Amino acid sequence: VFYRRSTRLLSWQPPQRVLPLVLIPLLFVYLLVTGDAVSTRRAFALAGIGSLLLWWRYPVNPLHLLAAVALIFLLYNPLLLWSASWQLSFCGAAGILLWRPWWQHPHIMGLPWTGLRYLIQIFLVSLAATLATLPLVLFNFHLFAPAALVANLVCVPIVTLVALPIGFVGLFLFPLWSQAAALLFRCSGFFLEQLYQFSL
C-alpha cells in the first residue's frame with residue numbers, strides 16, 4: 001500500500017518487479033526455520049532466480065527454469081538423483097507447471113465465488129502433482145493413496161491459512177513475549193493434530 005501511494009517509487013519501478021526481491025530474505029528465513037529440505041531449497045532457488053530474471057526483464061519458460069535449477073542441484077550433489085525427495089519435489093513441480101492450463105482455465109478463473117475457485121484449484125494442482133509423481137511413488141514406496149486428493153482440500157487451506165501463520169507469529173513473538181508465543185504454538189499444534197486425526 002505504501003509503495004502504491006508513492007509517486008516516486010511507482011515512477012522508478014512497478015511493485016510487481018520489486019516485491020519478489022523484497023520477499024527473498026523472508027523466504028531465506030523460512031528455508032532455515034523449516035529445516036532446509038530439498039523441496040524448500042528448490043522452491044527458494046526458483047523464487048530467487050525467478051525474481052532476478054523478473055527484475056532484469058528476462059522472460060523464461062517456467063519449465064526451463066525448473067530444469068536449470070534441477071541441473072544446478074545435481075551439479076552440486078549428483079547423488080541427489082537417487083534421492084526420493086529430490087525426484088518427487090522436481091517431478092511434482094513439473095507436473096503442476098505442465099498441467100497449469102487446467103487450474104488456470106478461464107472457466108475456473110471466471111467463477112464468481114472465490115472460495116469455490118480456490119478449492120477447485122487446490123484439487124487440480126494436487127491431481128497434477130499426484131499424477132506426475134505416481135510412477136516415482138510406486139517405485140520408491142510401493143503404495144498409492146488416492147485419498148490424499150480429497151484430504152488436501154481440507155489440509156492445504158488449514159495449514160497455509162491457519163496453522164502456519166499462527167506458528168510463524170509465535171516464532172517471531174517468542175523473544176519478546178514467550179507466554180503468548182507458547183499459546184500460539186499450542187494453537188497451531190491443535191490444528192495440526194486435528195488434521196492428523198482427520199487423515200488417519
Side-chain angles (χ1 to χ4, degrees), residues 1 19-48 50-51 66 69 73 77 80 83-97 103 113-134 136-138 140-200:
V1 176
L19 181 60
L21 291 175
V22 174
L23 293 177
I24 288 179
L26 297 177
L27 294 176
F28 182 70
V29 172
Y30 177 80
L31 173 68
L32 298 178
V33 169
T34 55
D36 192 23
V38 172
S39 58
T40 317
R41 253 181 284 162
R42 184 260 307 158
F44 176 75
L46 287 173
S51 300
L66 180 66
V69 172
F73 274 50
N77 184 3
L80 282 175
S83 169
S85 59
W86 183 90
Q87 296 171 6
L88 296 174
S89 176
F90 281 93
C91 193
I96 292 173
L97 291 175
W103 48 276
W113 188 40
T114 306
L116 178 61
R117 182 170 68 243
Y118 182 61
L119 290 176
I120 293 176
Q121 287 180 327
I122 289 176
F123 178 79
L124 292 177
V125 169
S126 300
L127 179 62
T130 300
L131 292 176
T133 57
L134 179 58
L136 292 171
V137 170
L138 294 175
N140 287 290
F141 306 109
H142 313 291
L143 57 86
F144 172 58
L149 293 174
V150 179
N152 281 344
L153 294 177
V154 177
C155 297
V156 171
I158 293 179
V159 171
T160 57
L161 300 178
V162 181
L164 191 61
I166 291 175
F168 269 112
V169 172
L171 182 65
F172 288 108
L173 194 61
F174 184 78
L176 304 175
W177 191 5
S178 59
Q179 294 85 353
L183 179 62
L184 292 174
F185 290 151
R186 286 195 294 269
C187 183
S188 179
F190 170 78
F191 283 105
L192 294 176
E193 177 66 24
Q194 296 305 309
L195 290 178
Y196 173 75
Q197 295 298 330
F198 169 77
S199 301
L200 292 179

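The analysis underlying the following values was restricted to heavy atoms, covering all of them including side chains, and did not include hydrogens, waters or symmetry mates. Bear in mind the structure is a predicted one, so any value in this text is a computation, not a measurement.
Residues V137 and L143 approach most closely at CG1-O, 3.1 Å, considering heavy atoms. Taking both residues in full, the closest heavy atoms of L88 and T133 are given as O-CG2, 3.6 Å, listed atom of the first, atom of the second, then distance. The minimum heavy-atom distance between F141 and A84, with the atom names listed, is CZ-CB, 4.1 Å. G95 and A128 get closest at one heavy-atom pair: O-CB, 3.7 Å. The two residues L136 and C91 make their nearest non-hydrogen contact at CD1-CB, 3.7 Å. The shortest heavy-atom contact between A163 and S188 is O-OG, 2.9 Å.
With rounding to the nearest 0.5 Å, the separation of CG in L131 from CD1 in I96 is 11.5 Å. Here the CZ-CZ distance, from R41 to F44, works out to 12.0 Å after rounding to the nearest 0.5 Å. In this structure, W86 CH2 and S39 OG are separated by 13.5 Å, a value rounded to the nearest 0.5 Å. Atom CZ of F73 is separated from atom OG of S89 by 7.5 Å, given to the nearest 0.5 angstrom. L97 CG to L46 CG: the interatomic distance, rounded to the nearest 0.5 Å, is 8.0 Å. Remark: L173 CG to L184 CG distance equals 6.5 Å, nearest 0.5 Å.
Note on ring orientation: taking the six-membered ring where Trp is involved, the planes of F172 and F168 are parallel (angle under 30°, cut-offs 30° and 60°).
At distances below 3.5 Å, at least one donor-acceptor pair connects side-chain atoms of S51 with backbone N or O atoms of A47.
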| field | Chi angles and distances behind the side-chain contact (heavy atoms from CB on, under 4.5 Å) call for F190, E193 | value | CA-CA 5 Å; F190 170 78; E193 177 66 24; 5.7 Å; no
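With contacts defined as side-chain heavy-atom distances shorter than 4.5 Å, the pair I166/F191 qualifies.
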